[in-house]
Each structure stands twice: as structure tokens, then as C-alpha cells.
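These notes are about the structure you will find just below.
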Amino acid sequence: MRARALVVWCTALLIVARHGNAQMDSPLSGSGVPQLETTHVYVSVYLDRLINVDEDNYRWEAIHYFYLSWTDYTAWSLVSNQSIALLTDPSSECKFSCSNVAQNVLCCDNLYRPSFAFKNAYGFPQDREALYNLYPAEDGSVLWEVRVHGQYYQPMSFANFPFDSFDLGLALRFFDPTVLIDTTILLGQPHPGVVVMPSSGGKRIYTVGLGDDASSWAVVDVSISSLIVDMGQWFRDYSDVKSDPDDPMPLAPVNSNQTGGVVGEDGEPVNVYTGIPDQLLAVNLRVERFWRSSLINAVLPVVLVFTLGMIVFFTDERSLETRLEIVVTLFLALTAVQFVVVGRIPTSSYVVPTQQLVLTTYIYLFLLATESIVVYHIVCRHEKRLEANKRNEAWRRYCKLRTQGKLEGGNNPTLAASDSGFGGVSSAEEQLRGGCSDDEVVGLGSAAGSKQRHRSSFNCGPCFGSGPQPQAANGEHTAADFMPQVEQRKQPFKLFFRAPQQRSPPERSVTTFRQMTADEAFGQYVGHMVDNISAAILGVGYVIAAVLIFALQNGYIDLFAD
């Protein structure tokens with residue numbers, strides 16, 4: 001019994017010390033011991049004004065009106081007698097007036113008032129307007145009105161931004177003095193205890209006029225609930241570090257030796273608060289963000305970047321520079337939009353849907369640039385092949401000049417000079433090789449197994465003209481067969497590799513429909529079809545991704561779920 005009494009008195013001292021040492025007392029701090037008929041305290045809460053939701057510091061500020069009612073048959077006579085004495089006896093004093101609006105009119109000394117502590121209060125502004133009124137009635141009912149202006153802290157989640165909604169929670173702890181003292185001497189019998197009961201509430205009272213509840217937020221609902229838990233359970237659930245073995249009153253005992261062998265129903269050692277009820281009152285304001293402004297400022301610019309990106313598919317597949325210029329411009333614009341989006345939401349451990357949409361758009365632009373490059377190479381693959389053949393032929397002639405010794409002494413002749421000096425070459429293969437090794441000649445193989453590749457690489461019909469290839473009667477090529485072709489190619493190579501000072505402006509050749517080769521037609525058709533299919537896939541895929549991002553992440557978030 002001594003240990004039990006010590007525990008309850010320590011609990012009382014902790015709560016009283018909390019109130020006494022605080023910078024500002026709780027607006028709902030009470031006094032006195034309840035009468036035997038005071039077994040329930042009914043709490044009604046009405047929101048007067050939601051002032052601010054601080055998304056950066058995870059705090060919110062509001063003004064509430066609390067209405068607490070209970071039964072006390074002695075209240076009417078007590079207040080009446082004390083008030084008459086205050087008004088008629090000049091020596092009479094009142095320590096607690098029934099109202100701070102009209103002082104020295106009604107005296108509520110020695111009247112029981114329930115006491116509540118704000119668990120998650122960040123602070124109460126010093127310049128707030130204090131307001132309270134006590135109304136005792138003849139039938140034994142008492143009503144206490146208190147205006148509370150406070151700032152509160154809590155966890156917040158913006159995972160569904162800008163279509164988010166959650167509860168702003170206000171937690172109060174009820175202090176029951178009958179748990180701490182024996183009321184037998186004071187009231188004639190033990191008090192059964194006081195239970196807190198939620199009553200009525202509302203999301204607006206006294207504040208008149210049209211307009212929003214708060215910047216960016218609207219209050220859509222108010223709820224009040226009560227909860228009774230074992231105080232020892234708090235420390236059993238949330239103690240990350242066990243108490244020291246020599247702690248005389250351990251909050252998280254290591255073993256039952258610290259508690260004198262006392263264990264709970266689960267066999268675990270009990271702490272000093274085990275068995276003491278903790279009554280909590282929760283007031284939740286459900287708020288919903290004004291999503292239209294966020295949609296216009298954060299989501300719409302990103303969607304417009306996507307829409308402008310689709311313009312790329314309406315440009316010519318050959319205009320790679322134009323396409324990439326559009327993509328780069330949109331990429332820079334999206335980067336600027338991202339700075340706006342980041343400035344509108346707080347830094348958190350998760351990526352909100354708006355940021356997910358921005359990342360999706362970045363991926364879309366990257367795929368758009370990649371698709372443009374791929375389609376360009378498909379459409380222009382015929383020209384790319386001709387350019388490759390030209391490079392191969394130029395390298396072959398360079399090898400011939402080096403083998404013939406025409407590059408010695410710092411000489412830098414034109415590639416057309418490689419056509420002279422065949423002299424005593426005994427075979428067509430040596431004329432093709434020009435003295436270079438197999439690895440040096442691109443596209444040429446051995447004379448025995450790669451005659452067709454010799455022919456196609458040397459002739460390079462699409463680059464430098466094509467014509468019938470002379471062959472011997474037995475189908476084999478001879479040096480004489482290739483010599484006319486070499487002479488035929490001298491003039492084009494002289495023009496193509498002419499010195500810069502002698503080069504004349506090239507004439508623009510226009511390929512008509514009949515002049516288009518089958519290879520060109522195939523490349524342009526395949527490239528155009530790939531471009532159309534890519535436009536459909538990227539467009540539909542982006543829309544589906546955007547819809548899923550906001551459809552799966554919107555609405556109410558339960559921040560206080562068990």
C-alpha cells in the first residue's frame with residue numbers, strides 16, 4: 001500500500017510540476033475535488049477559426065471554444081452565497097471569479113473545475129484574448145466555457161499532394177484527483193472516479209462572414225473521441241532503452257527484481273505507472289487542401305510540357321536538329337517548373353505525386369530524344385550507307401598512296417593520285433588491295449573466298465556510279481576486267497577529293513519518286529511507321545502514368561492509425 005500511495009502521489013507531483021513550471025498554464029487547468037454526484041464530465045468542442053497550417057514546421061494554429069459540463073448539486077448555493085458576500089461585505093475577497101469578462105460579480109471559489117492538459121501544445125500566444133465563463137444552474141448542472149487560442153504540433157503527411165486531406169489532432173489528458181486521494185473523510189465515502197465523455201462539436205462558431213477557413217486549407221469535419229489506457233502501457237510500448245538496474249522507480253524495468261517481484265498479466269515486470277488510468281480526449285479537425293490553385297501552378301505547366309513535346313512527331317523525321325532543339329528547350333522549361341513545384345511543398349522522406357509527374361515527364365523527354373535519333377537513322381540509313389562506302393574507299397586509296405611511297409617526305413597528294421602507277425601489277429586482287437593488308441582494307445576479303453565482297457567494296461556503285469561488271473567467260477574477274485572501271489572512277493574521285501581551293505559548289509540533286517531506290521523507300525516507310533507507333537505509345541503511356549499517379553494517391557490520410 002505504501003508503494004501504491006507513493007506511485008499515485010508521484011504521478012500527482014509530476015502533473016502539478018508540469019503545470020507549475022510551464023511558461024504558461026493550461027487554459028483548462030482546474031481546481032478542487034469533485035462531489036460524489038460528479039462522475040462524468042462532458043466535453044463539447046467548437047472550432048472558431050483555423051488560423052494557419054505550417055507545412056514546413058508541421059504545426060498548426062487555431063482557436064477553439066471548449067464547453068465542459070458536469071453535475072454538482074452544491075454549485076448553485078455555493079456560488080450564490082459567495083457572490084452575495086462579495087457584493088455586500090467590503091472585507092470579502094474572491095480568489096477565482098466565475099468570469100474574466102465581469103470581475104468581482106460572481107465568485108466561484110471552492111468550486112470544482114475539471115482539469116485538462118494539452119499534450120501536443122506547442123504554445124499559447126502571450127497576447128491571446130483570454131475568455132472563460134462559469135454558469136452554475138439551480139438543477140445542479142454546471143457549464144464552463146473557455147476560449148483557447150493555441151499552437152499545436154503533430155506529424156503530417158503530404159503524400160497525396162495536391163489532392164491531400166488529413167486530421168489536425170488536438171490531444172488532451174484529463175486529471176482526476178479522486179484517483180490520487182481517499183475521499184472518505186472529505187465526502188463520507190470513496191469517490192467512484194470521473195469519466196470524460198465527448199459531447200457535441202462543430203467546425204465553425206461565432207466567426208461570421210464569407211471566405212476560406214485558412215490559407216490553402218478548408219475544414220470539412222470535426223470529431224471528438226475519448227480513450228482510457230493504462231499509463232504503464234505507454235512506457236512498455238515506447239521505451240527504447242531499459243531502466244538502470246539501480247533505479248528505485250523504473251519506468252522500463254529490466255526484470256522483476258526492480259519491482260519487488262511484481263509482474264503483470266503477461267508475466268512482464270510492471271513499471272511505476274502500471275494500473276493508473278490515463279484518460280485522453282482527442283479533437284480532430286479534418287482539413288482538405290484547395291487543390292485548384294496547386295493544379296494550375298504545379299500540375300498544369302508540367303502537362304503543357306508534355307503536350308508541346310508531342311509537336312516533335314509533327315516535324316520531319318529527317319529534321320533531327322529541329323527535334324532535339326524542341327526537346328532541349330522543353331527540358332529547360334521543365335527544370336524551371338520543378339523549382340516552382342519544390343517551393344510549394346515541404347521537404348519530406350517521400351516523393352509526392354506532383355514530383356512523380358515531373359520525373360515521368362523527364363523520362364518522357366529522354367525517350368522522345370532517343371526515339372528521334374533512332375528514327376532519323378532509320379530514314380537516312382541509305383545515305384549513311386553511301387557515306388560509309390565513301391569513307392571505306394577513301395581509306396583504301398590512302399593505303400595505296402602509303403604503299404606506293406607517295407606520302408614520304410611530307411607529301412600530301414590528292415587521293416586521285418592513287419589511280420596512277422599500277423605498272424606491273426600482275427593480278428586484279430593486288431590492284432584492289434593496293435599493297436594494304438586485309439585488316440587495313442575495309443570491306444575486302446581474300447581472293448579465294450570473298451570475290452563478291454571485293455567487287456561490291458571496290459565498285460561502290462551507290463557512291464561513285466554503277467554499271468554492268470565485265471566478267472571473263474568462266475565467271476572469274478581479271479585485271480583487265482577491272483581497269484575500265486578504275487578509269488571510270490578517276491573523274492568522280494578527282495571531283496570528290498579535289499583540293500579545297502579547286503572545289504566547286506556541289507549541285508543539289510533532287511530525287512524524284514521514280515528515281516528513289518527501293519532501299520530509300522523502305523527506310524522512309526519504316527521510319528515513318530516507327531515514328532507514328534512511338535507517338536501513340538509515348539502519348540498513351542504518359543497519360544496512363546499521370547492518371548495512375550493521382551488516382552492511386554489522393555484523398556484522406558489517416559495519420560493516427562494504430
Side-chain angles (χ1 to χ4, degrees), residues 301-338 357-396 442-443 453 456-457 459-466 492-493 495-497 500 503 505-546:
V302 180
V303 175
L304 290 179
V305 169
F306 156 73
T307 305
L308 293 175
M310 297 298 293
I311 297 179
V312 169
F313 296 105
F314 293 92
T315 60
D316 187 11
E317 293 88 352
R318 296 172 175 266
S319 303
L320 181 60
E321 295 182 356
T322 303
R323 288 192 166 200
L324 294 183
E325 287 176 358
I326 295 175
V327 172
V328 172
T329 303
L330 294 178
F331 188 90
L332 297 177
L334 184 60
T335 303
V337 172
Q338 186 181 14
L357 183 64
V358 172
L359 294 177
T360 303
T361 309
Y362 274 124
I363 297 175
Y364 162 76
L365 293 178
F366 171 77
L367 295 177
L368 191 61
T370 304
E371 188 272 345
S372 299
I373 295 174
V374 171
V375 169
Y376 173 78
H377 282 281
I378 293 176
V379 174
C380 300
R381 71 187 188 97
H382 179 71
E383 289 82 352
K384 297 292 182 181
R385 185 179 300 173
L386 295 181
E387 293 294 330
N389 291 337
K390 290 181 180 179
R391 287 191 296 269
N392 293 339
E393 180 66 17
W395 174 250
R396 188 192 69 81
V442 179
R453 282 186 293 167
S456 58
S457 178
N459 289 340
C460 194
C463 299
F464 312 106
S466 60
F493 267 100
L495 293 176
F496 184 77
F497 297 108
R503 183 179 301 172
E507 296 182 0
R508 182 179 299 273
S509 60
V510 179
T511 303
T512 63
F513 178 78
R514 293 182 177 275
Q515 293 175 331
M516 182 182 298
T517 63
D519 195 26
E520 289 179 299
F522 178 77
Q524 292 189 15
Y525 176 79
V526 172
H528 183 71
M529 294 303 298
V530 170
D531 201 45
N532 291 340
I533 295 174
S534 300
I537 293 176
L538 291 179
V540 175
Y542 182 90
V543 172
I544 293 176

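These numbers come from the heavy atoms of this one structure, side chains and all, not from hydrogens, waters or symmetry mates.
Cys380 and Arg318 get closest at one heavy-atom pair: SG-NH1, 3.8 Å. Of all heavy-atom pairs spanning Val302 and Leu357, the tightest one is CG1-CG, 3.8 Å. Among all heavy-atom pairs drawn from Leu308 and Ile326, the shortest one is O-CG2, 4.4 Å. Of all non-hydrogen atoms in Val312 and Ser372, the two that sit nearest each other are CG1-OG, 3.6 Å. Contact between Ala369 and Val327 at its shortest, heavy atoms only, is CB-CG1, 3.9 Å. For Gly527 against Ile378, the heavy-atom pair with the smallest separation is N-CG2, 3.5 Å.
A distance of 10.5 Å separates CD1 in Ile537 from CG in Leu367, rounded to the nearest 0.5 Å. Remark: Ile311 CD1 to Thr322 OG1 distance equals 12.5 Å, nearest 0.5 Å. Put simply, CG on Asp531 and CZ on Phe314 are 10.0 Å apart, with the number rounded to the nearest 0.5 Å. Remark: His382 NE2 to Thr517 OG1 distance equals 4.0 Å, nearest 0.5 Å. Put simply, CG on Leu334 and CG on Leu359 are 9.0 Å apart, with the number rounded to the nearest 0.5 Å. Taking CG of Leu368 as the reference point, atom CG of Leu324 lies at 9.0 Å (rounded to 0.5 Å).
Residues satisfying the salt bridge (Lys or Arg N to Asp or Glu O under 4.0 Å) criterion with Asp519, sequence neighbours excluded, are Arg381, Arg385. With sequence neighbours excluded, no residue satisfies salt bridge (Lys or Arg N to Asp or Glu O under 4.0 Å) with Glu325. For Thr329, there are no side-chain hydrogen bond (donor to acceptor under 3.5 Å, both in side chains) partners at least two apart in sequence or on another chain.
Inter-residue side-chain proximity for Glu321 and Tyr376 is flagged as unmet; no heavy-atom pair is nearer than 4.5 Å. In this structure, the side chains of Glu317 and Arg323 come closer than 4.5 Å at one or more pairs of heavy atoms.
Salt bridge status for Arg396 with Glu393: present, with a side-chain N to carboxylate O gap under 4.0 Å.
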Inset, instruction - List the steps and the verdict of side-chain contact (heavy atoms from CB on, under 4.5 Å) for Arg391 and Trp395. - result: CA-CA 6 Å; Arg391 287 191 296 269; Trp395 174 250; over 6 Å; no
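Ring geometry for Tyr542 against Phe306 counts as parallel: the plane angle stays under 30°, on a 0 to 90° scale with 60° as the upper cut.
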